Amino acid sequence: MKLEMKILALDDDPLLLKVIKRMLSNLGCQIATCDNGQDALEFIGSRDDNPDLILLDLNMPKMDGLEFVRHLVERKFFGSLILLSGEDERMQQAAEKLARAHQITVLGHLHKPASSEKLAELIGQWQPPQHIAPHAVRKVYGADELRAAIANGELVNHYQPKVRVQSGWVMGVETLVRWQHPTDGLVFPDQFIGVAEEFGLIDDLTLVVLRNALHQACVWRDSGLDLLVAVNLSMDNLTSTKYVDVVSALAADIGALPQMLELEVTETRLMHDLRIPLEILTRLRMKRFRLSIDDFGTGHSSLAQLRDLPFDELKIDQSFVHGAGSNEKLQAMFDSSLRLAKELELEAVAEGVEDQADWDFVRKSGCDIAQGYFIAKAMPAADLPEWIVSWEQRFHVLNSQH
Ligand code: C2E
Ligand code: MG
Ligand code: MG
């Protein structure tokens, strides 16, 4: 337990606040309490040193927990949250997700009444903000800076392996772009793809990523490694029908066959005005590029829309994969996505296979392909051949456990 930690507990139940105060004081924390959101916001606003951690009830009569989170976001709260409420598991998960979507660190949730051990365990996970991984600290980059980076070759491709679940065969890689920033180190795509889309730089960015990926695919092929190389497209890349010709010409120029390249488009973005994107995707498919639906399950595609899109692969979003083995709701989402993929004769990929439990679950499910930290994180191209050798050994061991 970090003795210097400052905790604020917010709950409309004064008795519970007393119990928590006693529990946490016994653990050696500094603890303040408020019984309504307004007072809590005033408490936070009245001091220079914000609490490191807020224990938050969800169901409160005046300002509920979700509204309180929204105010925290407006106030740029950098501390962490633990949800402590009587709501059911699903509500708590939804609230946790919402807070995380606002970039607030959530250590977890507990059901009332929570034991002192459970609370201590979650609090023990708290880390001071400066110890958070560098790419979790968000910095907003400007369009000019990004434009220069694209022109100067500061964008580098990393590649994350995709393996066949039954045979262990490394069938391909997904290209994930990183920005090798001269002073900030390796910057992750969620910090600059949005900027590129907003300022009309995404076509240039995608071309750089595609060119490097196609080159790399040829280098691998020439060394005897046949890998299907996937590249993420932005929906904003699919606004002009010229794009098909640009991609085809690029592949031909580099000497890559269309069959070596797979283009991923995320499901959420697929569902807006489909006319032009549909034409572009269909033409890419006719030229024998492979197409993949990314982050499946996060959008609202109807069966009819899916049937009409000429895809080869469906990637089940990582939020339905990690932990699915021990969570019935995730499992239900996973299973129905998998069934849909099979019915539409698409290859199914489980994204976000993070640990052995996820791997075991995916193997049992009958899903075709897996991708995730348990198998490997994205890596520079040069590391891949050596990784494949070590994976083959590891797969052998994993396989013999069954
Ligand atoms: P995505 O296409 O869904 O890519 C998967 C993301 O999940 C990657 O994050 C990957 O590193 C991460 N990931 C892989 N395995 C695991 C796992 O087991 N657990 C967890 N928690 N995460 C895992 P990354 O590299 O930060 O990319 C984030 C997103 O940025 C990508 O999501 C993709 O939508 C976008 N992106 C990346 N490169 C490009 C690009 O070249 N062009 C465009 N338009 N978007 C890109
Ligand atoms: Mg992707
Ligand atoms: Mg994905």
Side-chain angles (χ1 to χ4, degrees), residues 97 100 103 133-136 138 146 149-150 154-163 172-180 185-214 216 228-239 243 247 261-270 277 290-299 311-325 330 334 337 348-359 361-362 369-380:
K97 201 157 177 183
R100 288 213 172 103
Q103 315 292 337
H135 86 271
R138 298 180 63 82
L146 181 58
I150 297 171
E154 284 170 21
L155 298 188
V156 291
N157 287 351
H158 280 198
Y159 299 93
Q160 187 177 34
K162 291 161 75 176
V163 303
V173 291
E174 176 176 0
T175 308
L176 294 161
V177 66
R178 275 91 181 88
W179 177 358
Q180 188 62 65
L186 206 59
V187 179
F188 281 68
D190 55 338
Q191 277 174 274
F192 59 86
I193 294 291
V195 179
E197 288 175 340
E198 197 175 325
F199 293 95
L201 301 172
I202 193 71
D203 275 349
D204 289 345
L205 182 147
T206 306
L207 277 184
V208 167
V209 175
L210 270 172
R211 183 175 299 122
N212 293 339
L214 286 165
Q216 190 55 51
L228 179 62
V229 177
V231 168
N232 292 285
L233 287 189
S234 159
M235 224 30 200
D236 297 344
N237 292 136
L238 304 179
T239 52
Y243 208 70
V247 174
L261 183 68
E262 181 167 57
L263 300 164
E264 296 189 6
V265 189
T266 57
E267 192 210 0
T268 32
R269 310 248 4 234
L270 260 178
R290 278 176 54 98
L291 299 180
S292 171
I293 314 176
D294 202 359
D295 302 342
F296 185 80
T298 57
F311 282 97
D312 302 279
E313 180 185 273
L314 181 152
K315 301 185 80 174
I316 304 174
D317 189 64
Q318 47 179 274
S319 58
F320 309 119
V321 176
H322 176 51
L330 295 185
F334 181 93
S337 306
V349 181
E351 298 188 89
V353 175
E354 245 178 60
D355 53 31
Q356 171 102 38
D358 296 341
W359 170 257
F361 169 76
V362 168
I369 295 163
Q371 178 182 349
Y373 295 165
F374 178 72
I375 300 151
K377 291 197 170 177
M379 61 187 89

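Starting from 1, each residue takes its place in the sequence as its number. All values below were derived from every heavy atom in this structure, side-chain atoms included, with hydrogens, water molecules and symmetry-related copies excluded. For ligands, and for the atoms within them, numbers begin at 1 and follow the listed sequence. None of these values were measured; they are calculated from a predicted model.
- Every atom of ligand 1 is numbered from 1 in the order shown, and the set under 4.0 Å from a heavy atom of Val209 is 41 (O).
- When each of Glu262, Glu351, Glu174 is paired with Lys162, the salt bridge (Lys or Arg N to Asp or Glu O under 4.0 Å) condition holds for Glu262 and for no other.
- Leu146 CG to Glu154 CD: the interatomic distance, rounded to the nearest 0.5 Å, is 9.5 Å.
- For Gln160, every heavy-atom contact with ligand 1 shorter than 4.0 Å involves the side chain, none the backbone.
- Scanning Phe374, Phe192, Tyr373 for the heavy atom closest to atom 16 (C) of ligand 1 points to Tyr373.
- Residue contacts with ligand 1, taken as heavy atom pairs separated by less than 4.0 Å, involve Asp294 solely via side-chain atoms from C-beta onward.
- Rounding to 10 degrees, one finds that the Mg ion (ligand 3) sits at the corner of an angle of 90° between Asp295 OD1 and Asp294 OD1.
- Contact annotation for His322 and ligand 1: no heavy atom of the residue comes within less than 4.0 Å of the ligand.
- Here the CG atom belonging to Leu207 is positioned 6.5 Å from the CG atom belonging to Leu210, to the nearest 0.5 angstrom.
- Shown here for Phe188 and Arg178, the closest heavy-atom pair between the two residues is CE2-NH2, 3.4 Å.
- Among the atoms of Thr266, none of the N or O lies under 3.5 angstrom from an N or O of ligand 1.
- At a threshold of 2.8 Å, the Mg ion (ligand 2) has a backbone or side-chain N, O or S atom of Asn232 nearer than that distance.
- For Glu354, a nitrogen or oxygen atom sits less than 3.5 Å from a nitrogen or oxygen atom of ligand 1, counting backbone and side chain alike.
- A heavy-atom separation below 4.0 Å is found between Glu174 and ligand 1.
- The aromatic rings of Trp359 and Phe374 lie tilted to each other, with the angle between the two planes from 30° to 60°.
- The angle that Glu174 OE2 and Glu264 OE1 make at the Mg ion (ligand 2), rounded to 10°, works out to 90°.
- Compare Glu197, His158, Arg178, Met235 by their heavy atoms: the one nearest to atom 25 (O) of ligand 1 is in Arg178.
- Panel note: side chain Ser292, backbone Leu314; no donor-acceptor pair is recorded below 3.5 Å.
- Under a 4.0 angstrom heavy-atom cut-off, Gly352 registers as being in contact with ligand 1.
- Looking at Asp358, its side chain does come within 3.5 Å of a backbone N or O of Gly323 through a donor-acceptor pair.
- Between Val177 and Ile193, some side-chain heavy-atom pair lies under the 4.5 Å cut-off.
- Using a 4.0 Å cut-off to heavy atoms of Phe188, the atoms of ligand 1 that qualify are 26 (O).
- In this structure, Leu155 and Asn212 approach most closely via the heavy-atom pair O-ND2, 4.1 Å.
- The Mg ion (ligand 3) sits nearest to atom OE1 when only the N, O or S atoms of Glu351 are considered.
- Contacts between Lys377 and ligand 1 below 4.0 angstrom, taking non-hydrogen atoms only, are absent altogether.
- Applying the 4.0 Å criterion to heavy atoms of Asp295 picks out, from ligand 1, the atoms 3 (O).
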Worksheet item: Between Leu214 and Val229, is a side chain to side chain contact (heavy atoms under 4.5 Å, CB included) present by the stated rule, with each step listed?
Response: CA-CA 8 Å; Leu214 286 165; Val229 177; over 6 Å; no
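- The residue from Leu233, Val208, Asp317, Asn232 that puts a heavy atom closest to atom 42 (N) of ligand 1 is Asn232.
- Remark: among candidates Gln318, Gln191, Glu264, the nearest residue to atom 12 (C) of ligand 1 is Gln318, based on non-hydrogen atoms.
- Set against the non-hydrogen atoms of Glu351, the atoms of ligand 1 under 4.0 Å away are 3 (O).
- Side-chain atoms of Asp295 do not come within 3.5 Å of backbone N or O of Asp317 as any donor-acceptor pair.
- Nearest heavy-atom pair across Leu205 and Ala196 is CD1-CB, 4.0 Å.
- Close approach of ligand 1 to Ile193 is summarised as follows: ligand atoms under 4.0 Å from at least one heavy atom of the residue are 42 (N), 43 (C), 45 (N), 46 (C).
- A side-chain donor from one of Thr206 and Asn237 sits under 3.5 Å from a side-chain acceptor of the other.
- Here the CG-CZ distance, from Leu261 to Arg290, works out to 10.5 Å after rounding to the nearest 0.5 Å.
- Those atoms of ligand 1 that come under 4.0 Å of a heavy atom in Ser234, given as number and element, are 44 (N).
- By the criterion of a heavy-atom distance under 4.0 Å, neither the backbone nor the side chain of Lys315 is placed next to ligand 1.
- In this structure, Tyr159 OH and Leu176 CG are separated by 10.0 Å, a value rounded to the nearest 0.5 Å.
- Taking every heavy atom of Val177 and a limit of under 4.0 angstrom, the matching atoms of ligand 1 come to 38 (N), 39 (C), 40 (C), 41 (O).
- Counting atoms of ligand 1 from 1 in the listed order, those under 4.0 Å from a heavy atom of Val353 are 18 (O).
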